[in-house]
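Worth knowing before you read on, the calculation uses all heavy atoms, side chains too, and leaves out hydrogens, waters and symmetry mates.
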Amino acid sequence: MAVKIKLKRLGKIRSPHYRIVVADSRTRRDGRAIEEIGLYHPVQNPSRIEVDTERAQYWLGVGAQPTEPVLAILKLTGDWQKHKGLPAPAPLLVAEPKAARPLFEALGGETEGKGEAITQKKKAEKKDEASAESASTEA
């Protein structure tokens, strides 16, 4: 039985999420898996990649073959280099926690003039243009 490490697709049409799974090579893409060893969420910025290193090393050592997309992910995380005995890659970019948006007043915003909109309504603009045209034709 040939064992592959491949991606299992989840999520909606335009927001895919993947699980990195170990499965028999004859199963479907989203079929039954032997074990789940990681996550891959490409839509998030930066992409979320989580791999259980111990389990990935075990399956690579037993002879499981990764597919091309999984091989690229394993190279990013450094698991492939660790398996082959190569030097480790640069660390991955980690998302910074988003700070809460400061309040407008805390930034020095003034509270004056909150009553009405500054711009005039469109109906008033049309009446002004019509009166200006009639004045220009009379002169």
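- Between Val62 and Val3, every side-chain heavy-atom pair lies at or beyond the 4.5 Å cut-off.
- With rounding to the nearest 0.5 Å, the separation of CZ in Arg19 from NZ in Lys6 is 15.0 Å.
- For Ala33 against Ala23, the heavy-atom pair with the smallest separation is CA-CB, 4.1 Å.
- Of all the heavy atoms in Pro42 and Ser47, the pair that sits closest is O-OG, 3.5 Å.
- Hydrophobic cluster membership is shared by Tyr58 and Ile73, with clusters built from Ile, Leu, Val, Met, Phe, Trp and Tyr side chains linked at under 4.5 angstrom.
- Note: Tyr18 and Tyr40 have parallel aromatic rings, judged against thresholds of 30 and 60 degrees for the angle between ring planes.
- Within the model, atoms OG1 of Thr67 and CZ of Arg29 stand 12.0 Å from one another, a figure rounded to the nearest 0.5 Å.
- Val51 and Leu71 fall within a single hydrophobic cluster, where Ile, Leu, Val, Met, Phe, Trp and Tyr side chains are chained together by heavy-atom contacts under 4.5 Å.
- In this structure, the side chains of Ile20 and Leu7 come closer than 4.5 Å at one or more pairs of heavy atoms.
- The closest donor-acceptor contact from the side chain of Asp79 to the backbone of Leu74 lies at 3.5 Å or more, if one exists at all.
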*Test side chain to side chain contact (heavy atoms under 4.5 Å, CB included) on Ile49 and Leu39 and set out the steps.*
CA-CA 6 Å; Ile49 300 173; Leu39 299 172; over 6 Å; no

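- Taking CD of Glu36 as the start and NZ of Lys8 as the end, the distance is 5.5 Å to the nearest 0.5 Å.
- Between atom CD of residue Gln57 and atom CH2 of residue Trp80 there is a gap of 10.0 Å, rounded to the nearest 0.5 Å.
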*asked:* What verdict does the side chain to side chain contact (heavy atoms under 4.5 Å, CB included) test give for Lys82 and Thr53, after you've listed the backbone C-alpha separation in whole Å, the side-chain angles of each residue and the deciding distance to 0.1 Å?
replied: CA-CA 10 Å; Lys82 188 175 180 181; Thr53 304; 4.0 Å; yes

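- A pairwise comparison of heavy atoms in Pro16 and Arg9 identifies CB-NH2, 3.4 Å as the closest pair.
- The cluster map of Ile, Leu, Val, Met, Phe, Trp and Tyr, joined by side-chain heavy atoms under 4.5 Å apart, puts Leu60 and Ile34 in the same cluster.
- Here OG of Ser25 is found 12.5 Å from CD1 of Ile5. Values are rounded to the nearest 0.5 Å.
- Taken from CD in Gln81 to CG in Leu76, the straight-line distance is 8.5 Å, to the nearest 0.5 Å.
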